[in-house]
Number of protein chains: 2
Amino acid sequence: MKDVAARAGVGLKTVSRVVNSEPGVTPDTERRVQEAIESLGFRRNDSARVLRKGRTASIGLVLEDLADPFYGALSRAVEEVARAHGTLLINGSSAEDPDREQELALAFCARRVDGLIVIPAGDDHRYLEPEIKAGIATVFVDRPAGRIDADTVLSDSFGGARAGVAHLIAHGHRRIGFIGDRPRIHTAVERLRGYRTAMADEGLAVSDSWVSLGTTAPERVRAAMLGMLTGPEPVTAVFAGNNRVTVTVVRVLAEQTRRVALVGFDDIELADLLGITVIAQDSAALGRTAAEQLFRRLDGVEEKPVRVALRTMLIPRGSGEIPPS
Amino acid sequence: MKDVAARAGVGLKTVSRVVNSEPGVTPDTERRVQEAIESLGFRRNDSARVLRKGRTASIGLVLEDLADPFYGALSRAVEEVARAHGTLLINGSSAEDPDREQELALAFCARRVDGLIVIPAGDDHRYLEPEIKAGIATVFVDRPAGRIDADTVLSDSFGGARAGVAHLIAHGHRRIGFIGDRPRIHTAVERLRGYRTAMADEGLAVSDSWVSLGTTAPERVRAAMLGMLTGPEPVTAVFAGNNRVTVTVVRVLAEQTRRVALVGFDDIELADLLGITVIAQDSAALGRTAAEQLFRRLDGVEEKPVRVALRTMLIPRGSGEIPPS
DNA sequence: CTGAAAGCGCTAACAC
DNA sequence: GTGTTAGCGCTTTCAG
């Protein structure tokens, strides 16, 4: 910038004005500066700018795994909102590891992102308190924050699972399995609660052998599913706790001769062709809503922490309407 | 940091030493500084650090759409490599718009990312020359750079498409359609070339009505597919140019009574269950390889631009082995 | 309308 | 082992 000023024969501040298209520069001077910029290939150093202004025009998003289509879509929605606000997005995948979540979130804070959107992996977010106090707006999505009070945008996991299981019951099932994510994960617990409530609503007892929580690794899910299909009280239907689980369950069921009903949480690409009945949640809406709330905070809106729950939708496609065998 | 120094009763530089775990501090002093840091909730301002050091420990990735599972997986692979190098990743989606690609890439450069990985939307990247000259290492992935010479990591689109179409021919097809992405996109053109070559290899003529390039919007692909199924020379097989196209083609074919063979470029989740034969490319390997090359550059390796072509793999699953009707 | 000086928070280089 | 000084590239303030 100094060089540009020298070359254009003007002061430093004048270059700054031109670069930021601030008013108060003669068209003629502006042209000279522009030429100098061009010929020197000058590009403003945003780091220095940030240091001065305090705002980085960037936000951070900590999610579980960008390779999961659910989070990919969510991230993209956040990016669109950020873009509309002239803001860049930094992504980080926690791989469902609380330490890594914290490491990422704090790294983002050290870069002085203006705001943070977090899909929690851990259940204690007190480590963010000083950052939030220091002015980094924070919104939690998909799962609630642990041990701090903050803006949160969720899907209605409980209601969705309950509706899905009720759907299976309505189609005549009595022995229904539930395969979900690890019990540390809030959505897994909520969906299990939805399952139990739906069963209780109809006065159905739940056998321990019908419920399995754990990682979404294919081997684990496969074993759980096979376990429920054998034994003294084999299930005639399953509720899959999320898209990763559904994918594996569909594969296992495809190998069976007996027809087993299935409803899965989360929609999946091509699920329509495979006839998979799902409880769809709108991952893009989740991201969009969270981002909008974040920018509302960045615009200075002061209100007590907001909690939004987005509705889910039951999409019947066949697998959930198979009668008990 | 000044405050920490004051509180701990030490000099500024000593705090800096502690924060960066540099040697030359008494354990006792270090403890005092640590305490001050804790109680003040101090966190180093990386912007200032960047300004001083020149390196931001961040890289930028410009891709088409993070919500596309192909790019999601690629991005995640890049992130893993970056993480191993203590580097953060900034993502941006170009939405296949060259202007937006440029806007993003330059925005990343203004933030002084150490390196840039670009999945080109446009075909002229001379705008990056000053940046590259200024020291921002740049690697292109999935598609080659336009009008500049730079490190590039691609899949073998030509070879993959050729093998896929040859596979269809081997199963008896003579009238084979090709539906691909817009002709501005390098991979689309390469895959079309693979198609034409495979046809020519067997002495088969290609009717204009069998080839359709354009956006991957479902309506466009649907119309193209339906067009090829009707008319005087209906196709008995199709080659789909990428995962977006395949998804729509599968839907259209599912509605037909006649059985039409299909091979698609890119693997898709659940394609195994739907029996879709594909030419798989390893998006994670693409990302990993590109990122590794980038860090090789950042480590100071000077060599003339590298070009890597990753092999593709034909996975027969049924749809590509349907005989002509 | 324009420019000179101060300083954002940190680190490199050199004292002590 | 520790502190001091200068300055990274920009914007803010205020004087011309």
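Order of the sequence lines sets the chain letters (A, B, ...), proteins ahead of strands, with each chain counted from 1.
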Item to check | A:Thr56 and A:Ser58 side chains, donor-acceptor separation under 3.5 Å | outcome: yes
Checklist entry - Phosphate oxygens OP1/OP2 of C:dT2: is one of them under 4.0 Å from a side-chain N or O of A:Thr26? => result yes
Next on the checklist: Rounded to whole Å, how long is the line connecting atom CZ of A:Arg55 with atom C1' of C:dC8?
Outcome noted: 17 Å
Give every donor-acceptor pair under 3.5 Å between a side-chain atom in residues 60-74 of chain A and any protein atom, sequence neighbours left out.
unit_1, atom_1, unit_2, atom_2, d
A:Asp65, OD1, A:Ala67, N, 2.8
A:Asp65, OD1, B:Arg76, NH1, 2.5
A:Asp65, OD2, B:Arg76, NH1, 3.3
A:Asp68, OD1, A:Phe70, N, 2.9
A:Asp68, OD1, A:Asn243, ND2, 3.2
A:Tyr71, OH, A:Asp142, OD2, 3.3
A:Tyr71, OH, A:Arg143, NH2, 3.3

Next on the checklist: Using a 4.0 Å heavy-atom cut-off, does A:Thr29 contact any base of the nucleic acid, only the sugar-phosphate backbone, or nothing at all?
Outcome noted: sugar-phosphate
Item to check | Sequence-distant partners of A:Phe42, ring pair (Phe, Tyr, Trp, His ring centres under 6.0 Å), two or more places apart | outcome: none
Next on the checklist: Under 4.0 Å, counting only non-hydrogen atoms across every strand here, what does A:Val50 touch: a base, just sugar-phosphate, or nothing?
Outcome noted: nothing
Polar pairs (N or O, both sides) under 3.5 Å between protein and nucleotides 10-13 of chain C?
unit_1, atom_1, unit_2, atom_2, d
C:dC10, OP1, B:Asn45, N, 2.9
C:dC10, OP2, B:Met1, N, 3.2
C:dT11, OP1, B:Asn20, OD1, 3.4
C:dT11, OP1, B:Asn20, ND2, 3.2
C:dT11, OP1, B:Arg49, NE, 2.9
C:dT11, OP2, B:Ser16, OG, 2.8
C:dT11, OP2, B:Asn20, ND2, 3.4
C:dT11, O2, B:Arg52, NH1, 2.7
C:dA12, OP1, B:Lys53, NZ, 3.3

Checklist outcome for this item: Atom CG of A:Asp3 and atom C1' of D:dC8 are separated, to the nearest Å, by 14 Å
Checklist entry - For A:Arg32, what residues pass the salt bridge (Lys or Arg N to Asp or Glu O under 4.0 Å) criterion, not counting sequence neighbours? => result A:Asp28
Next on the checklist: Taking salt bridge (Lys or Arg N to Asp or Glu O under 4.0 Å) as the definition, give me every residue that meets it alongside A:Asp151, ordered by chain and number, with sequence neighbours left out.
Outcome noted: A:Arg297
Checklist outcome for this item: Residues at least two apart in sequence or cross-chain that pass salt bridge (Lys or Arg N to Asp or Glu O under 4.0 Å) with B:Glu190, listed by chain then number, are B:Arg193
Checklist entry - Quick one: is B:Thr14 getting a side-chain N or O under 4.0 Å of the D:dG1 phosphate, OP1 or OP2? => result no
